[in-house]
Amino acid sequence: MHWLALGMASLVAVAIIVIGTLYVVNPTTATRSFGLPLPENGTNIVWWLRLKGVRDIASGLAVLAFMAWGAPRGVGIILLVEAIIPVGDMLLILAAKGSTKSAFGMHGLTAVFMVLAAIPMMIGAA
């Protein structure tokens with residue numbers, strides 16, 4: 001169970017870093033898959049979208065840092081806390097009447113995946 005939970009945590013961390021990098025490099029394209037309509041175009045919109053990318057990269061790096069220098073329980077705790085992000089994304093998309101497919105399929109499943117990786121580490125099964 002230890003390697004499976006750590007593998008899941010690694011997958012989440014690397015995936016969110018990749019997504020964050022996409023937001024930094026090409027924010028308009030990355031936003032299309034998020035589940036909400038693209039924001040209105042303006043001079044600074046890509047810079048606002050890139051903010052999400054920087055935060056995603058930091059979130060992924062935090063998980064990797066805990067994996068490298070922390071105990072499994074710490075990795076589980078940070079995964080559980082960071083699961084709030086995809087849950088919040090899902091709820092915001094649903095509230096805005098965005099794509100339910102993206103809300104549940106991408107953000108909801110990501111949150112479930114993170115919680116399932118966190119639980120064994122937090123209870124010491126990993």
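Worth saying up front: this structure is predicted, and the values here are computed from it rather than measured. All values below come from the heavy atoms of this structure, side chains included, with hydrogens, waters and symmetry mates left out. Sequence positions, counted from 1, serve as the residue numbers for this chain.
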*Please step through side-chain contact (heavy atoms from CB on, under 4.5 Å) for the pair D56 and I17, ending with a clear verdict.*
CA-CA 6 Å; D56 284 352; I17 290 169; over 6 Å; no
Distance-minimising heavy-atom pair for [X] and [Y]:
X: A117; Y: A5; value: O-CB, 3.9 Å
X: S33; Y: M106; value: O-CE, 2.6 Å
X: G108; Y: M90; value: CA-SD, 3.7 Å
X: L49; Y: P27; value: CB-CB, 3.5 Å
X: I85; Y: S59; value: CD1-OG, 3.8 Å
X: G76; Y: A118; value: O-CB, 3.2 Å

Let me check something: do [X] and [Y] share a hydrophobic cluster, defined by ILVMFWY side-chain heavy atoms less than 4.5 Å apart, either directly or through other members?
X: I78; Y: L4; result: yes
X: V63; Y: L61; result: yes
X: V12; Y: I57; result: yes
X: F34; Y: L94; result: no
X: I19; Y: I93; result: yes

*side-chain contact (heavy atoms from CB on, under 4.5 Å) between Y23 and V54, intermediate numbers included*: CA-CA 8 Å; Y23 269 90; V54 172; over 6 Å; no
Just how far is it from atom [atom1] of [X] to atom [atom2] of [Y], taken to the nearest 0.5 Å?
X: H107; Y: L109; atom1: NE2; atom2: CG; answer: 11.0 Å
X: I45; Y: L38; atom1: CD1; atom2: CG; answer: 9.0 Å
X: D89; Y: I84; atom1: CG; atom2: CD1; answer: 12.0 Å

*Report, as yes or no, whether the 6.0 Å neighbourhood of atom CZ on R50 holds more than 12 heavy atoms from other residues, nucleotides or ligands.*
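Yes, CZ of R50 has more than 12 neighbouring heavy atoms, counting only those of other groups under 6.0 Å.
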*For side-chain contact (heavy atoms from CB on, under 4.5 Å), just list the numbers for T29 and L22, CA-CA rounded to whole Å, side-chain angles, deciding distance to a tenth of an Å, and then say yes or no.*
CA-CA 8 Å; T29 302; L22 291 173; over 6 Å; no
*Less than 4.5 Å apart, any side-chain heavy atom of L6 and any of M121?*
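Counting from C-beta outward, L6 and M121 do come under 4.5 Å.
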